[in-house]
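Below: one structure, written as structure tokens.
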Amino acid sequence: MIIWIASYPKSGNTWVRAIIDSFLDKNNNEVDINNLKIRQFPLVRDFKGIITNFKSEEQFAKNCIYAQEKINLDNEIKFFKTHNAFWKLGQHSFTNETNSLGVIHVVRDPRNVITSILNHFNKTINTYDKALKFITDDKRMFGPEALPLLENDLPTIISSWSNHYNSWKKFKKNNLLIKYENLLINPKNEFYKIAIFLEKTINLKIDQKTINNAIKNTQFIKLKTQENKSGFRESAKNINNENLNFFYLGPENNWRKLLDLTIINKIEQAFNKEMKELNYL
């Protein structure tokens with residue numbers, strides 16, 4: 001059975017992966033960002049022997065459940081990162097409760113997401129207007145055809161920021177919402193939430209020492225320092241094919257200082273309902 005760490009791109013997914021990685025390490029070693037135990041779904045290998053065109057959104061959508069059924073043949077608990085929305089296309093969907101044990105749904109204020117999108121996808125998205133179009137596009141996807149990232153990526157159907165958030169709300173089985181901002185402001189409280197969720201869903205006992213160690217080892221500055229020293233295989237490249245920092249601004253990503261009023265107003269108008277629901281407005 002799969003537990004998803006699901007988020008819109010640049011919303012803290014890798015941070016939460018690092019936290020769970022630390023929780024799962026009985027030796028309390030430092031987190032290695034290039035050897036996280038939790039990988040993304042989908043990868044090409046998940047669909048080998050299932051589909052013939054790895055760039056086809058239609059083939060991907062029709063076979064997502066089947067690929068997960070194959071993954072779950074071993075009857076083991078596993079964690080996967082995904083940026084896919086919890087989409088439904090006709091009779092097909094990204095996942096279901098038969099294959100999924102639960103989801104840790106990570107969400108971030110879209111006024112800060114937009115700056116990270118601008119940095120990460122800088123090869124093709126090099127203005128705030130283009131980044132705004134990205135996060136408000138109901139048909140947004142990326143992958144081999146739409147917005148190339150890694151050679152091993154399949155199509156990733158994310159839709160808009162609001163649709164993505166609302167879609168994962170609909171997954172009712174063991175659904176934990178984590179706000180990126182709360183991880184920054186009160187990490188101890190959020191780490192406890194994740195620990196309690198894991199105890200409930202997979203009976204994983206996490207003591208105080210493990211929680212304290214995870215808080216210490218997954219500080220943004222530590223992860224950023226590690227990337228600066230050793231690189232990070234999930235970082236993107238700019239138009240000059242130079243690596244961009246994956247761990248970019250973190251707590252310094254403050255929309256009040258970075259965005260002009262026009263962009264702020266457009267984001268707040270587009271996502272007014274969801275931002276109020278999340279107490280961002």
*Below 4.5 Å, heavy atoms only, C-beta onward: do His92 and Ile65 meet side chain to side chain?*
no
*Take Val103 and Phe86, measure what side-chain contact (heavy atoms from CB on, under 4.5 Å) needs, and give me the verdict at the end.*
CA-CA 11 Å; Val103 58; Phe86 180 42; over 6 Å; no
*asked:* Are Ile50 and Phe60 packed together at the side-chain level, in the sense that at least one heavy-atom pair is separated by less than 4.5 angstrom?
replied: no
*Over 60° means perpendicular and under 30° means parallel, so classify the ring planes of His164 and His105, tilted if in between.*
tilted
*If you group Ile, Leu, Val, Met, Phe, Trp and Tyr by side-chain heavy-atom gaps below 4.5 Å, do Ile19 and Leu101 land in one group?*
yes
*Any donor-acceptor pair under 3.5 Å linking the side chain of Thr136 with the backbone of Leu132?*
yes
_Can a side-chain donor-acceptor contact be found between Thr210 and Asp207 if the only test is distance below 3.5 angstrom?_
yes
_Under a plain distance cut-off of 3.5 Å, with no hydrogens placed, do Lys130 and Asn126 share a side-chain donor-acceptor pair?_
yes
*asked:* Is it true that, when you exclude Lys37 itself, more than 12 heavy atoms of the residues, nucleotides or ligands shown sit nearer than 6.0 Å to its NZ?
replied: yes
*Between Thr82 and Phe41, which heavy-atom pair has the shortest distance, and what is it?*
OG1-O, 3.1 Å
_Between Asp138 and Ser160, is there a side-chain donor-acceptor contact under 3.5 Å, judged purely by atom types and distance?_
yes
*Might you work through the side-chain contact (heavy atoms from CB on, under 4.5 Å) test for Lys81 and Thr14, ending with a clear yes or no?*
CA-CA 8 Å; Lys81 156 194 172 176; Thr14 297; 4.3 Å; yes
*Which value, rounded to the nearest 0.5 Å, describes the distance between Ile114 atom CD1 and Phe134 atom CZ?*
10.5 Å
*Electrostatic pair Asp260-Lys266, nearest N-O below 4.0 angstrom*: no
*Hey, is CD on Glu277 packed in by over 12 heavy atoms from elsewhere, all under 6.0 Å?*
yes
*Audit row: His83, Asn13, side-chain contact (heavy atoms from CB on, under 4.5 Å) steps and yes/no*: CA-CA 8 Å; His83 289 313; Asn13 198 305; 4.0 Å; yes
*Nearest 0.5 Å please: distance from the CD1 atom of Ile3 over to the CD1 atom of Ile20.*
7.5 Å
*With a 4.5 Å heavy-atom cut-off, do Met1 and Lys78 have their side chains touching?*
no
*asked:* If you apply the rule side-chain contact (heavy atoms from CB on, under 4.5 Å), what do you find for Leu176 with Ile196, and how did you get there?
replied: CA-CA 10 Å; Leu176 174 67; Ile196 291 168; over 6 Å; no
_Shortest non-hydrogen contact from Tyr180 toward Ser11_ = CD1-O, 3.4 Å
*Answer yes if the side chains of Asn163 and Asn166 hold a donor-acceptor pair under 3.5 Å, and no otherwise.*
no
*With a 4.5 Å limit on heavy-atom distance, are the side chains of Phe271 and Tyr165 in contact?*
no
*asked:* If hydrophobic clusters are built by linking Ile, Leu, Val, Met, Phe, Trp and Tyr wherever their side-chain heavy atoms come under 4.5 Å apart, do Leu89 and Phe54 end up in the same one?
replied: yes
_Between Ser100 and Thr95, is there a side-chain donor-acceptor contact under 3.5 Å, judged purely by atom types and distance?_
yes
*Least distance between heavy atoms, Cys64 atom then Phe94 atom*: CB-O, 3.6 Å
*asked:* Is it the case that the side chain of Arg17 and the backbone of Ile38 share a donor-acceptor pair, with hydrogens and angles ignored and the cut-off at 3.5 Å?
replied: yes
*Determine the minimum heavy-atom distance between Asp109 and Met275, stating which atoms define it.*
OD1-CE, 3.7 Å
*Report yes if the side chains of Arg45 and Arg39 come closer than 4.5 Å at any heavy-atom pair, otherwise no.*
yes
_Could you check whether any side-chain heavy atom of Leu259 comes within less than 4.5 Å of a side-chain heavy atom of Ile267, counting everything from C-beta outward?_
yes
*Donor-acceptor side-chain pairing of Asn182 and Asn186 below 3.5 angstrom*: no
*Heavy atoms only: give me the nearest Asn174-Phe197 pair and the separation to one decimal.*
O-CE1, 3.2 Å
*Tell me yes or no: between the side chains of Thr115 and Tyr128, is some donor less than 3.5 Å from an acceptor?*
yes
*Is the NZ atom of Lys62 crowded by more than 12 outside heavy atoms at less than 6.0 Å?*
no
_In this structure, would Val113 and Ile185 fall into the same cluster of hydrophobic residues linked by side-chain contacts under 4.5 Å?_
no
*Hey, what do you get for CG (Asn175) to OG1 (Thr201), rounding to the nearest 0.5 Å?*
11.5 Å
*Do you know the tightest heavy-atom contact between Val107 and Tyr280?*
O-OH, 3.7 Å
*Do Gln59 side-chain atoms and Thr52 backbone N/O form a donor-acceptor pair below 3.5 Å?*
yes
*Under the 3.5 angstrom rule, does the side chain of Lys179 hit a backbone N or O of Val106 as a donor-acceptor pair?*
no
*Any donor-acceptor N or O pair under 3.5 Å, side chains Arg108, Ser7*: no
*Is it the case that more than 12 heavy atoms not belonging to Lys276 sit under 6.0 Å from its NZ atom?*
no
*asked:* Could you check whether Arg111 pairs with Glu268 (Lys NZ or Arg NE/NH1/NH2 to Asp/Glu carboxylate O, under 4.0 Å)?
replied: yes
*With a 4.5 Å limit on heavy-atom distance, are the side chains of Leu183 and Phe191 in contact?*
yes
*To the nearest 0.5 angstrom, please state how far the CD1 atom of Ile71 sits from the OH atom of Tyr66.*
12.0 Å
*Side-chain donor-acceptor pair under 3.5 Å between Asn212 and Gln208, yes or no?*
yes
*Gap between atom CG of Asn84 and atom CE of Met141 - 0.5 Å precision*: 9.0 Å
*Look up atom NZ in Lys10 and atom CD1 in Ile117, then write down how far apart they are to the nearest 0.5 Å.*
7.5 Å
*Does a sphere of radius 6.0 Å around NZ in Lys205 hold more than 12 heavy atoms from other residues, nucleotides or ligands, not counting ones at 6.0 Å or beyond?*
yes
